[in-house]
2 protein chains.
Amino acid sequence: MVDVAREAGVALRTVSRVVNQDSTVGPELVQRVRTAIATLGYRPDERARHLRLGVTGTLGAAVRQLSHVNPVLRAVERAARAADLMVLAASTEDDETLERHVVESMCRRRFDGIVLEPIGDDHGYLVPELEAGLSLVAVDRPVLGLDVDCVLSDNRSGIETAYRHLVRHGHDRIAYIGDDERIYTARERARAFRECVTAHGGTLDTMLHTGQVESGRIREAVRAALGGPAPATAIVTGNAQLSVEVLRHLGTDAVDVALIGFDDSELATLLRPDLTVIAQDTDAIGSTAIDMLRARIADPATEVRQVTVPVELIVRGSGEVPPGP
Amino acid sequence: MVDVAREAGVALRTVSRVVNQDSTVGPELVQRVRTAIATLGYRPDERARHLRLGVTGTLGAAVRQLSHVNPVLRAVERAARAADLMVLAASTEDDETLERHVVESMCRRRFDGIVLEPIGDDHGYLVPELEAGLSLVAVDRPVLGLDVDCVLSDNRSGIETAYRHLVRHGHDRIAYIGDDERIYTARERARAFRECVTAHGGTLDTMLHTGQVESGRIREAVRAALGGPAPATAIVTGNAQLSVEVLRHLGTDAVDVALIGFDDSELATLLRPDLTVIAQDTDAIGSTAIDMLRARIADPATEVRQVTVPVELIVRGSGEVPPGP
DNA sequence: ACCTTTCGAGATAACGTTATCTCAGCTTGG
DNA sequence: CCAAGCTGAGATAACGTTATCTCGAAAGGT
């Protein structure tokens, strides 16, 4: 910049003014500076700019896996772009240590705010950052033990809706195959399922299967649910990945068992019959997250909010298969 | 930092030394500084650090869609992490304007290097950045018209392998349904397919269908390929998304037509029969990209390289269906 | 003609780091 | 016992921006 100033024969400050489209600089000098910038190949350095300004115009997104389907992240990017903020994302790989590493890096880089898919139960490392003024919003799962903005899906009523839907279609023996209950969403959904079964006067015995998404476990879960003296006639799955695994192991039985999957996905309409799902409103989640984050950045004293976004039952066929004999 | 220094009763430089684990500071002062840091809640500011140091320890990844399955990006993150570099990613949404915006933002932030999935044919905006010392590596597609490091899959031999495989299984009428040929990979694959057909003395008539991935178009393509006086007995698809669409429209005919998909995916083993695919070596692509980028960052005079990574035929059943009567 | 306002542009001081230089106080070897 | 080396720590100057203050000159009002 100082070189540009010398080349154009103006003061440093004037170059800054031209770069920032300040109107208080005469057209002739503007031209001189412009050509100097071009000949010297000057590119402004945002690091210095951000240092001086205090803000970076950047939001961080720390998500489980960048390279996985994540419609919430897409909505987050869109909403941020609309607000002229850049989103830079990194994966936490479902690893608490890595999450901490990523979030702390973003803090040291002084991102204006962070959208986080929190992992695990201990987020104590966030306390000093929050005290130091970090703006944070959690999506998909809350930050347990900390009073932080968050946007969640209505997991419980999603499961309840699925359950009621199956009951209405005549099912009595309904199984749930879910993710590891150490994960918040899995815990919520499993809990809701238990309550549904109890409320309908049923028993859980072979009807509830949660644990890691691992092919062998899913195979056993499917076998247990469909075997025995009183086999399930319907299955609810805990997330999109589990729907895939369950379908894989159902094989040709898939047409005889009613199935409702949590999460909509591309393959839902690829199958015969098409997959009935509980769909999350990912667009709403993403844009709400950005709204809340912007509000907090604008005024750190904003009251902490926990927003729950409704889910929707999408009827496609697999959930309407009647119970067998 | 100056507050910490005052609190600890030491010089500014000493705080910096403690923060950076410099050994030339006495244990007593280290302790004093540590407690001062804790009581004041001091967090180092990487913006200033990077400004002073010149490097940022950060790589940018500009990819089509963060929130889509992208195993190359995963490999890129892994490899960068192993080299103690942080990857921050952003979506270009397959939009040339947005790509430029994203890349230029990363340049102004002085990222040490950028991994780019280039879009479109005009990357002129990169020229001044490259002259100013930008380290860039293109993945999946080359940067046309510019001499830039890149890592590509061997698209042509992938198509050739698929074609030969089908011929070996007795097919004679083989159709190709591909993506829009404005996209580099789609162009390469379609071209290779044309050459295969010509080399085998066939004609293209209803055998080649390229264009945007749009449900209606795919339906027509499938219908055209399988209809008429000499219907195709086998189909090769141009990417994973197209495999899904083609399967969707094949419906129950799926078992009678041999199918080989470009790109492996989760659903390949979900179907009956399982999907035979041409799989890209995404791990190799990602780690090679990071290797090349690191080499260029270390020495900007490194010779520009274009690396082609082999693809692999994975036989699963759908590609081994014999031709019908 | 003189005072006041307005406007364009320069000087200087931050922003929060680290590198370089300096220096005082020790050791150490002859 | 002193010069030479080492060692721990401070002073100062960058890195590349922008905000604030200042100032000269032109314009406008009485």
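Residue numbers start from 1 in every chain, and the chains themselves are labelled A, B, ... in the order their sequence lines are given, proteins ahead of strands.
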Atom pairs and distances, side-chain donor-acceptor, residues 78-89 of chain A, under 3.5 Å, sequence neighbours left out:
from: A:Arg78; atom 1: NE; to: B:Glu93; atom 2: OE2; distance (Å): 3.4
from: A:Arg78; atom 1: NH2; to: B:Glu93; atom 2: OE1; distance (Å): 2.7
from: A:Arg81; atom 1: NH2; to: B:Glu93; atom 2: OE2; distance (Å): 2.7

Legend entry - Any residue meeting salt bridge (charged side-chain N to carboxylate O under 4.0 Å, His left out) with A:Arg34, in chain and number order, not counting sequence neighbours: none
Inset, instruction - Would you jot down, in residue-number order, the residues of residues 31-51 of chain B having a non-hydrogen atom under 4.0 Å from DNA chain D? - result: B:Leu51
Inset, instruction - Tell me, please, which residues at least two apart from B:Glu104 pass salt bridge (charged side-chain N to carboxylate O under 4.0 Å, His left out). - result: B:Arg100
Inset, instruction - Give a yes or no on whether a salt bridge exists between B:Arg141 and B:Asp94, defined as a side-chain N under 4.0 angstrom from a carboxylate O. - result: yes
Legend entry - Positional range of nucleotides in DNA chain D within the contact set of chain A, heavy-atom, under 4.0 Å: D:dG16 to D:dT20
Inset, instruction - May I have all residue pairs that pass side chain to side chain donor-acceptor pair (under 3.5 Å) and include part of residues 281-298 of chain A, sequence neighbours excluded? - result: A:Asp149-A:Arg296
Inset, instruction - Could you tell me which residues satisfy salt bridge (charged side-chain N to carboxylate O under 4.0 Å, His left out) with A:Arg32, sequence neighbours excluded, listed by chain and number? - result: A:Glu28
Inset, instruction - Could you pull out the closest heavy-atom pair between B:Asp95 and B:Leu98, with the gap in Å? - result: OD1-N, 2.9 Å
Inset, instruction - State, to the nearest 10°, the angle formed by the axis through the first five base pairs of the helix from C:dA1-D:dT30 to C:dG30-D:dC1 and the axis through its last five. - result: 50°
Inset, instruction - List in numerical order all residues of residues 9-18 of chain B for which some heavy atom is under 4.0 Å away from an atom belonging to DNA chain D. - result: B:Val10, B:Ala11, B:Arg13, B:Thr14, B:Arg17
Inset, instruction - If a pair satisfies side chain to side chain donor-acceptor pair (under 3.5 Å) and one of its residues is in residues 109-135 of chain A, list it, with sequence neighbours excluded. - result: A:Thr56-A:Asp112, A:Arg64-A:Glu117, A:Asn70-A:Glu117, A:Glu99-A:His123, A:Glu99-A:Tyr125, A:Arg109-B:Thr58, A:Glu129-B:Arg43
Inset, instruction - Can you sort out the partners of A:Arg49 under salt bridge (charged side-chain N to carboxylate O under 4.0 Å, His left out), two or more places apart, ordered by chain and number? - result: A:Glu46
Legend entry - Test side-chain hydrogen bond (donor to acceptor under 3.5 Å, both in side chains) applied to B:Asp179 and B:Asn239, step by step: CA-CA 7 Å; B:Asp179 205 345; B:Asn239 66 37; 3.3 Å; yes
Legend entry - Partners meeting side-chain hydrogen bond (donor to acceptor under 3.5 Å, both in side chains) with A:Arg6 (sequence neighbours left out): A:Asp3
Inset, instruction - Work out which heavy atom in A:Ser153 is nearest to a heavy atom in A:Ile285; give both atom names and the distance. - result: OG-CD1, 3.4 Å
